[in-house]
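First comes the structure, then the notes that go with it.
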There are 2 protein chains.
Amino acid sequence: MTSTDQPQRPAVRPTRQRRAVAAALAGFDDFRSAQEIHDLISRQGDSVGLATVYRTLSTLAEAGEVDMLRNEDGEAIWRSCSDTHHHHLVCRTCGATVEVEGPAVERWASRIAEEHAYAEISHTLEIFGTCPACR
Amino acid sequence: MTSTDQPQRPAVRPTRQRRAVAAALAGFDDFRSAQEIHDLISRQGDSVGLATVYRTLSTLAEAGEVDMLRNEDGEAIWRSCSDTHHHHLVCRTCGATVEVEGPAVERWASRIAEEHAYAEISHTLEIFGTCPACR
DNA sequence: CGACTTTTGAGAACCATTGTCAAACCGAGG
DNA sequence: CCTCGGTTTGACAATGGTTCTCAAAAGTCG
Ligand SMILES: [Zn+2]
Ligand SMILES: [Zn+2]
Ligand SMILES: [Zn+2]
Ligand SMILES: [Zn+2]
């Protein structure tokens, strides 16, 4: 019996590239685009292909290690976040981010979904504005 | 004095194309992509360039006549909505939409922004799920 | 009917994101 | 340390939604 119990996970390997992306993510606390992250990595001397940056970010996002959301232009932006469910207050200009929680909102959302019999619910809730520093 | 009081609006003209887009929008009540709307128009016999569809939708959105939001792939989707501020419960599969309101959420969002001194606030709040019909 | 301004559309251009696939890499055994 | 098989990478092509270009077409108004 080789493996009937374990779902046979793909075995993620700790490579130089993945370490570089993780390091870059640890280096800022605002939301950044994949391209910006790619640039940051290059600027630090490391060299990681853009496609790999995208792949790594997607993987991390699926694992819940980073949050991905879309700015008002529809571009994906990423950030290493705390692992509890939360939302964001994001500066439209510089990306400065504050994690926020709203238990009442969570309840409201699930109640709404329930009332209309929608299943497999997910929700997006982000607040955009101009931070004090960018005024 | 030609015009110092009126901000000199661009004078939007009622063209066949704009009427066609408006008619298409009136023909469905779920969120659709620009391409889908373009197809609907063609299917109704009218012919409107895709670029014009985009232009018209953008104009209508700025005027608050339609709502634009992004699906989970980041694509813009559009819908003719009521003119009061509201949010949406959208079926991930068929696009079926329910407009929802949450006064408490609105208050929560502005309080959060205020607490962190962010200005020019806007927020996005959408709930995605699978509607009863799509189960 | 002109003179003037806005609008349109076919196609090119953009550009973020994803796909391709051979070469490089990793880790476990041997 | 060497080998073997699956994993990962990266240069580059390909996608696909959206915007740009600009000459031709269509409103507006006297
Ligand atoms: Zn977060
Ligand atoms: Zn939430
Ligand atoms: Zn709406
Ligand atoms: Zn609101």
Distance, rounded to the nearest Å, where [X] contributes [atom1] and [N] contributes [atom2]:
X: B:Gln17; N: D:dA26; atom1: CD; atom2: C1'; result: 9 Å
X: B:Arg16; N: D:dG27; atom1: CZ; atom2: P; result: 9 Å
X: B:Trp78; N: D:dG17; atom1: CH2; atom2: P; result: 14 Å
X: A:Asn71; N: D:dT18; atom1: CG; atom2: P; result: 14 Å

Next on the checklist: Please check this pair: side chain of B:Arg18 against backbone of B:Val12, looking for a donor-acceptor N/O pair closer than 3.5 Å.
Outcome noted: no
Checklist entry - Hey, does the side chain of B:Glu126 reach the backbone of B:His88 with a donor-acceptor pair shorter than 3.5 angstrom? => result yes
Next on the checklist: Return whichever of B:Ala34 or A:Arg18 has its heavy-atom-nearest nucleotide of DNA chain D closer to the 5' end.
Outcome noted: A:Arg18
Checklist outcome for this item: Ranking C:dT17, D:dT8, C:dT7 by distance to the side chain of B:Arg13, first place goes to C:dT7
Item to check | Contact nearer the 5' end of DNA chain C, comparing A:Ser58 with B:Thr52 | outcome: B:Thr52
For nucleotides 10-16 of chain C, give me every protein contact, N/O to N/O, under 3.5 Å, one pair per line with atom names.
{"residue": "C:dA16", "atom": "OP2", "partner": "A:Gln35", "partner atom": "NE2", "Å": "3.1"}

Next on the checklist: Within the supplied structure, the quantity of interest is the number of heavy atoms (other residues, nucleotides, ligands) at a distance under 6.0 Å from B:Glu114 CD; does it exceed 12?
Outcome noted: no
Next on the checklist: I want to check one thing: is the phosphate of D:dT9, taken as OP1 and OP2, less than 4.0 Å away from some side-chain N or O of A:Thr15?
Outcome noted: yes
Checklist entry - Side-chain donor-acceptor pair under 3.5 Å between B:Arg92 and A:Ser122, yes or no? => result yes
Checklist entry - With distance as the sole criterion, is a donor-acceptor pair present between the side chains of B:Arg55 and B:Ser58 under 3.5 Å? => result no
Item to check | Parallel, tilted or perpendicular, as decided by the 30° and 60° cut-offs, for the rings of B:His123 and B:His85 | outcome: perpendicular
